Amino acid sequence: MKTILKQTRKNAEQYLAGVNEQRAFPNAQAMANMSHFDEQISESGYSAQETLDLLHRYGSPATVASNGGRYFGFVIGGALPVTIGANWLATAWDQCAGIKVLSPIGAKLEEVCSNWLLEILDLERDSAVGFVTGATMANFTGLAAARHALLKRKGWNVGTQGLYGAPEIKVVVGGEVHVSVEKALSLLGLGSARVIKVPADDQGRMLADQLPELDDMTIVCTQVGNVNSGASDPVAAVCSVAEKAGAWVHVDAAFGLWARASNTHKHLTEGVELADSIATDLHKWLNVPYDSGVVICKHKDLLREAMTIDAAYIQQDLSRQPYYYTPGMSRRARGVEAWAALRFLGRKGVEDLIDRCCAFAQTFTQRFSSAGFSVLNEVKLNQVVISFGSDEQTQAVIDAIHEDSTFWAGGTNWQGQVGLRISVSSWATTSADVELCCDKLIELANNVCKPG
Ligand SMILES: *Cc1c(COP(=O)(O)O)cnc(C)c1O
């Protein structure tokens with residue numbers, strides 16, 4: 001064991017020391033070398049040492065450098081050093097964190113972390129918090145609570161009776177609903193296409209004055225933090241209409257929720273505190289390792305009922321059990337890394353992280369605008385979408401960025417136009433990284449757009 005851990009530490013140190021210098025995306029050689037993993041399953045295995053060596057030799061170079069400071073693709077974040085340490089120890093513990101009797105410390109840190117999260121995000125302090133794999137599962141879990149709650153009102157237990165013959169649920173989504181919400185709706189039998197879509201404005205925000213008639217059998221799915229523009233639906237206005245009608249409001253706030261940790265940006269999330277259920281990621285803006293997200297539900301009992309397991313072999317007690325609020329049972333102790341991140345950063349540290357990323361997004365915006373390129377969105381958070389002229393030109397710049405690989409950002413389709421999408425969400429990004437990437441991008445774009 002000792003030798004293995006020593007060797008792992010050496011490899012990880014070497015990897016992390018070089019992650020800022022390596023290409024943002026593996027080169028062709030590294031990609032081709034993955035063929036070393038195309039082995040037949042062996043009869044009697046190999047040594048642990050040799051196995052880990054192979055993993056580092058050909059695995060490490062084939063990684064995307066998303067844990068470095070120059071990765072701006074998707075909305076991804078890195079892993080704070082303290083969370084890597086916490087993750088290693090938690091892995092050594094090998095706790096099954098779904099049930100308290102299997103991991104008192106796993107359950108304890110989830111409780112501490114739940115309270116801290118509700119406090120820094122300024123949400124109803126008595127909410128239920130369930131630790132899941134990410135925002136997709138958090139959306140699923142929050143919407144499962146909604147489905148249960150609405151049908152319960154009509155005397156229907158969806159858990160035992162299922163959906164066949166059940167009273168109808170109306171689902172309302174915004175025009176720019178995230179695919180993970182559609183997937184959650186489809187998994188829940190609510191149908192991803194059987195929804196009323198409310199038109200969105202040019203930033204992707206749901207137009208609250210175009211909401212259909214809501215009633216006490218309606219779920220409204222709102223969004224805070226559009227994956228392109230970073231914009232948020234007018235959740236306060238939606239909640240005010242929904243409350244009168246008795247409708248359930250869910251918020252997909254995978255990364256946008258973190259604006260609430262910042263005094264400067266909190267106003268962008270107004271009304272989220274009124275929602276019934278909220279989904280967010282920890283592995284994005286809190287910068288903990290994958291996979292990690294939480295569902296937050298104001299109605300503790302309803303979420304717990306929706307996630308009920310009737311198992312006589314688990315002796316119940318009256319305290320919080322991690323599995324009360326999640327679809328899964330056995331799972332890793334995700335709360336450990338989240339706890340470590342929050343303890344390390346503190347309230348101010350989280351705020352600084354959010355504000356720093358947003359400030360970098362402003363730097364990108366200013367640098368590109370003054371270089372004569374169009375920023376397509378209103379940059380209020382951490383997302384910047386840029387056009388370099390025609391769709392073909394923009395695509396050519398995106399291809400040049402990927403070829404060069406000093407940094408990584410992906411293409412998107414935004415309001416009928418091809419755009420380069422930059423998301424700033426990593427603790428590791430420095431102003432030197434941002435300046436370097438701006439210089440590089442402007443150079444590449446000038447080569448494509450103004451040849452010679
Ligand atoms: C990333 C994201 C999701 C999905 O989150 P996962 O962690 O990938 O499951 C959902 N909604 C929005 C707005 C996102 O940005």
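Here the structure is a predicted model, which means the values were calculated and not measured. Both ligands and their constituent atoms are indexed starting at 1 by order of listing.
Nearest protein heavy-atom neighbour of atom 14 (C) of ligand 1: K284 NZ, 2.9 Å. The protein heavy-atom contact nearest to atom 10 (C) of ligand 1 is S180 OG, 3.0 Å.
Distances between N or O atoms of D252 and those of ligand 1 include at least one value under 3.5 Å.
Shown in contact with G134 at under 4.0 Å from a heavy atom are these atoms of ligand 1, numbered in order with element: 7 (O), 9 (O). Below 4.0 Å from some heavy atom of D281 lie the following atoms of ligand 1, by number and element: 1 (C), 5 (O), 6 (P), 7 (O).
At a cut-off of 3.5 Å, with distance as the only test, a side-chain donor of E337 or N87 sits close to an acceptor on the other residue. W248 and S277 share a side-chain donor-acceptor pair at under 3.5 Å. Counted by atom type alone, S229 and W414 present zero donor-acceptor pairs between their side chains at under 3.5 Å. For the residue pair H250 and D276, no side-chain donor N or O sits within less than 3.5 Å of a side-chain acceptor on the partner.
Contact check on D291 versus R332 returns a salt bridge, with a Lys/Arg side-chain nitrogen under 4.0 Å from an Asp/Glu carboxylate oxygen.
Among T136, N228, V179, L257, the residue whose heavy atom lies nearest to atom 8 (O) of ligand 1 is T136.
Geometric assessment of R334 against the ring of F131 yields a negative cation-pi assignment under the 6.0 Å and 45° thresholds.
Within 6.0 Å of CD on E111 lie more than 12 heavy atoms contributed by other residues, nucleotides or ligands. Summarising the local packing, NZ of K108 is surrounded by 12 or fewer heavy atoms from other residues, nucleotides or ligands at distances under 6.0 Å.
Within the 4.0 Å heavy-atom shell around ligand 1 one does not find M137. The shortest heavy-atom distance from V75 to ligand 1 is not under 4.0 Å. Note on ligand 1: G225 sits in its first shell, one or more heavy atoms being nearer than 4.0 Å.
Contacts between A135 and ligand 1 below 4.0 angstrom, taking non-hydrogen atoms only, involve backbone and side chain alike. Proximity of F255 to ligand 1, defined as any heavy-atom pair under 4.0 Å, is confined to the side chain (atoms from C-beta onward).
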